[in-house]
Amino acid sequence: MITLSRFTQLAAAATALTLLGACSEQPADIKTGDSQPGTTAPVTAEFSLPVVNPRLGEYIKTLSSDEFQGRAPATKGEELTVAFLEDNFRRIGLKPIDGDSYKQPVSLVQIDPVQVSAMTLTGDSLPAQFTYRDDMTAWTTRVTEQVQLTDSEMVFVGYGIVAPEYGWNDYEGLDVKGKTVVMFVNDPGYATQDPNLFNGNAMTYYGRWTYKFEEAARQGAAMALIIHETAAASYGWGVVAHGSPIKFDLINENKNMDRAEIEGWITTESAEKLFANIGTDLAAMHKKALQKDFAPVPLNAKASVSVKNNLRELTSSNVVGYIEGSKYPDEYVLYMAHWDHLGMDFSNPDNKVFNGAQDNASGTGGLLALAEYFTQQAQPERSVVFVAVTAEERGLLGSAWYAANPVFPLEKTVVGINMDVMNVYGPMKDMVIVGLGNNNAEDILTKYTQQQGRYVVREHNPEAGIAYRSDHFNLSKKGVPILYAKGGNDHFEKGADWGKAQRAEYNSCCYHKVGDEWSDDWDLRGAQQDLMLYYQVGNELANSRSWPNWHEGNEFRAIRDASSAARKQ
């Protein structure tokens with residue numbers, strides 16, 4: 001194992017597809033919310049401005065300072081960040097997880113596709129090839145220096161979904177071993193806008209491109225290709241194909257050999273050519289894919305592509321501390337925030353540091369502030385865990401490592417509460433619950449939100465699948481009920497339009513840019529509001545016998561229920 005002293009300068013251009021899974025993908029005002037039908041109505045209780053911890057600003061300012069060099073994993077910035085977190089965990093009295101250490105080592109690999117061929121095609125009415133980045137993009141997540149796929153038979157598999165709770169199986173009766181599967185992005189609910197199909201307009205896990213690649217691999221496909229459509233994906237082709245191609249992944253024993261040999265996307269225009277080859281078109285295939293009796297369609301084509309990689313293995317750390325429960329120490333309420341950001345841009349002569357003040361020094365500072373507040377209260381009956389994860393910006397990898405190698409059993413984890421980008425614009429009337437309607441832990445948060453004189457809303461664009469794009473998602477996939485919530489736009493004094501303008505300005509000037517810096521003008525009253533809500537939810541659950549769960553029909557309910565025996569009293 002090689003532990004690098006720093007990432008390459010390419011950290012500044014963090015992978016486009018990696019960033020599709022990082023920090024909730026913040027185009028436009030994607031991290032904010034607006035009141036929508038069916039959400040809790042505004043309440044009239046007296047507005048409150050609690051202060052959980054006056055040191056919150058100090059923590060954020062320190063973590064986002066130039067000294068911390070943008071907090072990229074496996075750099076000097078990581079060394080400083082992890083030491084800062086450990087020192088403060090120790091000072092405030094959290095228990096370590098390994099002797100006197102709070103570090104959970106995380107093994108990563110950087111995969112740099114230095115050469116990707118065009119995709120050559122055979123078929124009666126097909127072009128000779130699809131050009132890399134113009135017509136298609138491809139990579140391998142296998143930890144290998146080269147993959148060569150030759151004459152792989154292509155088959156259209158609709159949405160590429162196997163969802164038993166929705167009675168849906170696009171692979172039924174099909175053997176795709178060694179074949180290339182081609183599929184639509186998102187899910188049938190979004191495509192039809194039918195509220196009774198999947199989750200209607202709101203994307204389910206089955207609509208995420210990550211799921212589609214995972215399912216294709218489970219089915220034995222050699223290559224998995226998603227048809228890009230801007231509205232259904234919620235981002236343009238440039239995001240998919242024209243950023244840095246570098247991938248980061250976890251290192252495991254099988255070197256990801258259980259994944260498809262090749263993963264990738266093709267343009268809508270490329271898909272039209274594949275469908276024309278069998279005498280049909282995109283619109284007709286959309287209709288076919290939505291039929292309950294859908295059967296996969298051979299495309300009478302074969303594809304070949306090769307990828308050559310440079311590989312680097314990296315070591316990073318999650319930082320984990322906890323308060324041991326007084327009565328039920330083997331049951332856990334978990335708080336999570338990612339400490340990492342994008343590091344340094346060595347090509348920038350004026351400002352080299354991606355400080356990541358909002359994203360996510362604010363959440364990490366909030367984690368510290370909340371942990372300190374908890375240690376000043378009566379000892380909870382259940383244990384309370386604080387996890388600062390690495391490599392979120394590289395594809396939610398630190399949280400994925402924790403989910404695969406949990407320090408504390410996930411079946412005994414009561415709830416997970418994620419903090420990714422805190423509100424720095426002042427007190428808000430609305431509280432955005434990402435994925436609102438998924439589990440009953442939201443009822444507790446709603447209760448305390450109303451006590452603050454506020455109301456809850458869902459995220460602005462649930463069709464974009466934000467609930468599957470931050471660290472909490474890796475715990476969701478293991479069945480842990482999750483809350484991912486934050487202050488919205490409706491400023492208590494200045495109104496919703498002002499709040500939206502602040503979010504839009506941040507997205508324009510600063511998100512994943514060197515301009516994401518600490519400002520003395522920030523109004524952290526809103527962050528303190530939200531920290532109090534996080535505390536109240538966690539504290540109630542840490543002193544109860546309640547086990548929140550996903551609602552019936554949710555894609556993670558069956559996973560949670562499968563471990564129910566571990567939670568019997």
Side-chain angles (χ1 to χ4, degrees), residues 23-24 26 28-33 47-71 81 84-85 88 335 337-342 351 353-373 388 392-393 418-432 452 454 470 484-535:
C23 292
S24 308
Q26 177 129 353
D29 63 349
I30 206 165
K31 285 193 159 183
T32 65
F47 186 72
S48 60
L49 289 174
V51 175
V52 168
N53 194 326
R55 301 182 70 167
L56 173 62
E58 171 193 330
Y59 292 143
I60 299 172
K61 187 174 183 179
T62 299
L63 286 163
S64 63
S65 65
D66 284 354
E67 178 187 359
F68 281 66
Q69 300 181 9
R71 305 188 309 282
T81 303
F84 179 79
L85 292 172
N88 279 282
Y335 291 92
H338 75 89
W339 60 255
D340 68 298
H341 199 54
L342 301 178
N351 187 353
V353 181
F354 287 93
N355 301 90
Q358 290 195 48
D359 183 15
N360 188 36
S362 67
T364 309
L367 189 77
L368 277 174
L370 196 59
E372 188 168 23
Y373 186 75
E392 190 269 359
E393 303 289 9
N418 185 43
M419 294 179 284
D420 191 356
V421 183
M422 299 288 289
N423 170 29
V424 300
Y425 302 113
M428 299 293 176
K429 295 179 183 178
D430 53 338
M431 186 69 175
V432 177
Q452 284 192 355
R454 303 169 66 188
S470 192
Y484 179 31
K486 61 185 73 180
N489 288 331
D490 192 0
H491 194 277
F492 188 71
E493 296 151 344
K494 301 177 183 179
D497 289 344
W498 182 90
K500 290 179 183 178
Q502 306 316 301
R503 308 287 189 182
E505 173 63 19
Y506 170 71
N507 293 334
S508 174
C509 76
C510 307
Y511 175 69
H512 281 195
K513 298 182 176 71
V514 293
D516 187 0
E517 299 178 315
W518 166 265
S519 172
D520 290 332
D521 293 332
W522 282 352
D523 182 352
L524 296 181
R525 292 180 297 166
Q528 297 282 2
Q529 274 183 304
D530 297 343
L531 283 177
M532 179 55 74
L533 294 179
Y534 303 150
Y535 167 75

Checklist entry - Just by distance, do the side chain of Ser362 and the backbone of Met422 share a donor-acceptor pair under 3.5 Å? => result yes
Checklist entry - Do the non-hydrogen side-chain atoms of Asn355 and Trp518 ever get within less than 4.5 Å of each other? => result no
Checklist entry - Of the non-hydrogen atoms in Ala369 and Leu531, which two are nearest, and what is the gap between them? => result CB-CD1, 4.1 Å
Next on the checklist: With rounding to the nearest 0.5 angstrom, report the NE2 to CG distance, His491 to Asn423.
Outcome noted: 7.5 Å
Next on the checklist: I need the minimum non-hydrogen distance between Met419 and Ala337, along with the two atoms involved.
Outcome noted: O-CB, 3.4 Å
Item to check | Sidechain-backbone polar pair: Asp359 side chain, Val421 backbone, donor-acceptor under 3.5 Å | outcome: no
Item to check | From OH (Tyr425) to CZ (Arg503), nearest 0.5 Å | outcome: 6.5 Å
Checklist entry - Quick one: NZ on Lys494 to CG on Asn489, what's the gap to the nearest 0.5 Å? => result 14.0 Å
Checklist entry - From Arg71 CZ over to Leu342 CG, what is the distance, rounded to the nearest 0.5 angstrom? => result 9.0 Å
Next on the checklist: For Gln529 versus Gly426, what's the shortest heavy-atom pair and its separation?
Outcome noted: OE1-O, 4.5 Å
Checklist entry - Does any N or O in the side chain of Gln528 come within less than 3.5 Å of the main-chain N or O of Asn53, such that one atom is a donor and the other an acceptor? => result yes
Next on the checklist: Please give me the minimum heavy-atom distance between Ser470 and Asn418, naming the atom from each residue.
Outcome noted: OG-ND2, 3.1 Å
Item to check | Side chain Asn88, main chain Leu368, donor-acceptor under 3.5 Å | outcome: no
Next on the checklist: Main chain of Asp490, side chain of Asp430: is a donor-acceptor contact present, judged purely on distance under 3.5 Å?
Outcome noted: yes
Checklist entry - Any sub-3.5 Å donor-acceptor pair from Asp66's side-chain atoms to Val353's backbone N or O? => result no
Checklist entry - Looking only at heavy atoms, what is the nearest atom pair of Tyr534 and Lys486, with distance? => result OH-CA, 3.8 Å
Checklist entry - Would you find more than 12 non-hydrogen atoms of other residues, nucleotides or ligands less than 6.0 Å from Lys61 atom NZ? => result no
Item to check | Minimum-distance pair of heavy atoms, taken over all atoms of Arg525 and Glu493 | outcome: NH2-OE1, 3.2 Å
Checklist entry - Can you tell me how far CD1 of Ile60 sits from OG1 of Thr364, rounded to the nearest 0.5 angstrom? => result 9.0 Å
Item to check | Candidate pair Met431 and Asp530, rule side chain to side chain contact (heavy atoms under 4.5 Å, CB included), full reasoning | outcome: CA-CA 8 Å; Met431 186 69 175; Asp530 297 343; 3.4 Å; yes
Checklist entry - Rounded to the nearest 0.5 Å, how far does CZ of Arg454 lie from CZ of Phe492? => result 10.5 Å
Item to check | Whether Thr62 side chain and Tyr59 backbone form a donor-acceptor pair below 3.5 Å | outcome: no
Checklist entry - So, the side chain of Asp420 versus the backbone of His338: is there a donor-acceptor pair under 3.5 Å, distance only? => result no
Checklist entry - Any side-chain heavy-atom pair from Tyr506 and Asp516 closer than 4.5 angstrom? => result yes
Next on the checklist: Assess the residue pair Gln358 and Trp522 against the criterion (side chain to side chain contact (heavy atoms under 4.5 Å, CB included)); give the C-alpha distance rounded to whole Å, side-chain angles, the decisive distance to 0.1 Å, and a yes or no.
Outcome noted: CA-CA 10 Å; Gln358 290 195 48; Trp522 282 352; 3.7 Å; yes
Item to check | Under the side-chain contact (heavy atoms from CB on, under 4.5 Å) test, residues paired with Gln69 that sit two or more places apart | outcome: Lys76, Met344
Item to check | Stepwise side chain to side chain contact (heavy atoms under 4.5 Å, CB included) check, Val424 with Leu524 | outcome: CA-CA 5 Å; Val424 300; Leu524 296 181; 3.9 Å; yes
